[in-house]
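Notes to accompany the following structure.
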Amino acid sequence: MKIKLLATTALLVLASDMAFALDPVRIEQRCEDDSISTAQGLGRNEWAKKCTHISPRTYDYNVFDDWGNQRSRVYYPSFYKPNNFDDWFRAPTAKAGSCNLGVHTAMISCLSSCYTPDQKLLFAEGELAIYDAFSRRVSRIVTLSDDAELDNIAYTVRNVDAYSESVKDVIHRILEIKTRDGGSLKVTLNHPLLISTGHMKNAEDIHIGDSLITESGDFDEILSIEEVEFYGKVYNVRPDSDGADGVSLNGQIVVAQGFLSGSMYYQNTGANHVNRLLLRDSLPDDLI
């Protein structure tokens, strides 16, 4: 079995006078290099709309869902030089920023988050640091089973569909979460985690006093959340949970540092499921 580096739908890249398909692997990597928080994403969208780099319609799509509610994780534009994707610049994240793009007039849309390379995920062969699994292209990962419930946690082993790695070493804003029972987890601000209510929440929206769900199904209260800077690359993984009825949402929940965590799917294609109730009873996907 061949594991892809990334399994996402090819995105449309917009320039001033053309549209063309760009390698989704490179898009994902760029978005990790230009990773920003939800609050910063709102600021960048305000800036881009003010400067007419995006249209009001694009702004509305990036910031609001189909019902007019603000997205829990907004899409945001990232800019690069046409015909040279490696030449890019970090656009402002505040409305007051300068509108000058210089030569960086081509644009992609981003929504991403990841683990630091030392974070351990549960694979079929046991716990492995995400960097080691990525380097070895480990092909089997443990996820929730399709019939797992909040009071009846159960697991299965699935194939790995894709890994992602950011393009180069950059500074990332990381949340280091520590729990009452001695657990710890380091993720980017918009990384989705499953909490004790059964909801998937972005790390930046989780608070002291909330509880993560452990591998055994127990609740572990969060005692501290500290924002730190990490210089390097970040990584993620997507299990293969596609079936006849579509993607299994449970199959995109993995075990990271002993806690239930959303995969790459919840940071891209399935981002609309963040802040929704995912794990209570065996809910049909069309009720979620």
Mind listing the closest non-hydrogen atom pair of Tyr76 and Arg44 along with its distance? CD1-NH1, 3.8 Å

dist Ile141:CD1 -> Ser263:OG (nearest 0.5 Å) comes out at 8.0 Å

Counting distance only, does the side-chain N/O of Gln257 pair as donor-acceptor with the main-chain N or O of Ser184 below 3.5 Å? yes

Ring pair (Phe, Tyr, Trp, His ring centres under 6.0 Å) partners of Tyr155, counting only residues at least two apart: none

Would Gln252 and Leu249 count as a side-chain contact (heavy atoms from CB on, under 4.5 Å) if you check the C-alpha gap in whole Å, the side-chain angles of each, and the deciding distance to 0.1 Å? CA-CA 5 Å; Gln252 295 297 329; Leu249 298 181; 5.9 Å; no

Side chain to side chain, Ile195 and Leu212, heavy atoms closer than 4.5 Å: yes

Heavy-atom donor-acceptor pair, Ser241 side chain to Ser248 backbone, under 3.5 Å: yes

Below 4.5 Å, heavy atoms only, C-beta onward: do Arg140 and Asn159 meet side chain to side chain? yes

Do Asn45 and Pro77 have side chains that approach each other closer than 4.5 Å (heavy atoms only, starting at C-beta)? yes

Determine, stepwise, if the pair Asp218 / Ser216 fulfils side chain to side chain donor-acceptor pair (under 3.5 Å). CA-CA 6 Å; Asp218 295 327; Ser216 62; 3.1 Å; yes

Take the angle between the ring planes of Phe79 and Phe89 and call it parallel below 30°, perpendicular above 60°, tilted in between. tilted

Within the 4.5 Å heavy-atom criterion, are His191 and Leu175 side-chain neighbours or not? no

Side-chain heavy atoms of Thr143 within contact of Ile253, under 4.5 Å: no

Test log, rule side chain to side chain donor-acceptor pair (under 3.5 Å), inputs Ser98 and Asn100: CA-CA 6 Å; Ser98 168; Asn100 183 21; 5.3 Å; no

Between Ile130 and Asn236, is there a side-chain heavy-atom distance shorter than 4.5 Å? no

With a 4.0 Å cut-off, would you call Arg180 and Asp220 a salt bridge? no

Can you list the steps and then say if Phe219 with Ile213 is a side-chain contact (heavy atoms from CB on, under 4.5 Å)? CA-CA 5 Å; Phe219 301 158; Ile213 303 176; 4.1 Å; yes

Name all residues meeting the ring pair (Phe, Tyr, Trp, His ring centres under 6.0 Å) criterion together with Tyr131; count only those two or more places apart in sequence or in a different chain, and write none if there are none. Tyr235

Sorted by chain and residue number, the side chain to side chain donor-acceptor pair (under 3.5 Å) partners of Glu46 (sequence neighbours excluded) come out as Tyr59

What's the verdict on salt bridge (charged side-chain N to carboxylate O under 4.0 Å, His left out) for Glu125 and Arg136, showing C-alpha distance, side-chain angles and the deciding distance? CA-CA 12 Å; Glu125 62 188 75; Arg136 292 172 44 203; 2.9 Å; yes

4.5 Å side-chain heavy-atom contact, Ile177 and Leu193: yes

Take a 6.0 Å sphere around NZ of Lys178 and say whether it holds more than 12 heavy atoms from other residues, nucleotides or ligands. no

Does the side chain to side chain donor-acceptor pair (under 3.5 Å) test come out yes or no for Thr116 and Asp118, once each step is laid out? CA-CA 6 Å; Thr116 56; Asp118 61 331; 2.7 Å; yes

So, Arg238 and Asp161, do they make that salt bridge, N to O below 4.0 Å? yes

Measure the spacing between CG of Leu185 and OG1 of Thr179 and express it to the nearest 0.5 Å. 9.5 Å

Just so I know, are the side chains of Asp210 and Lys201 near enough to count as touching, which here means a heavy-atom distance under 4.5 Å? no

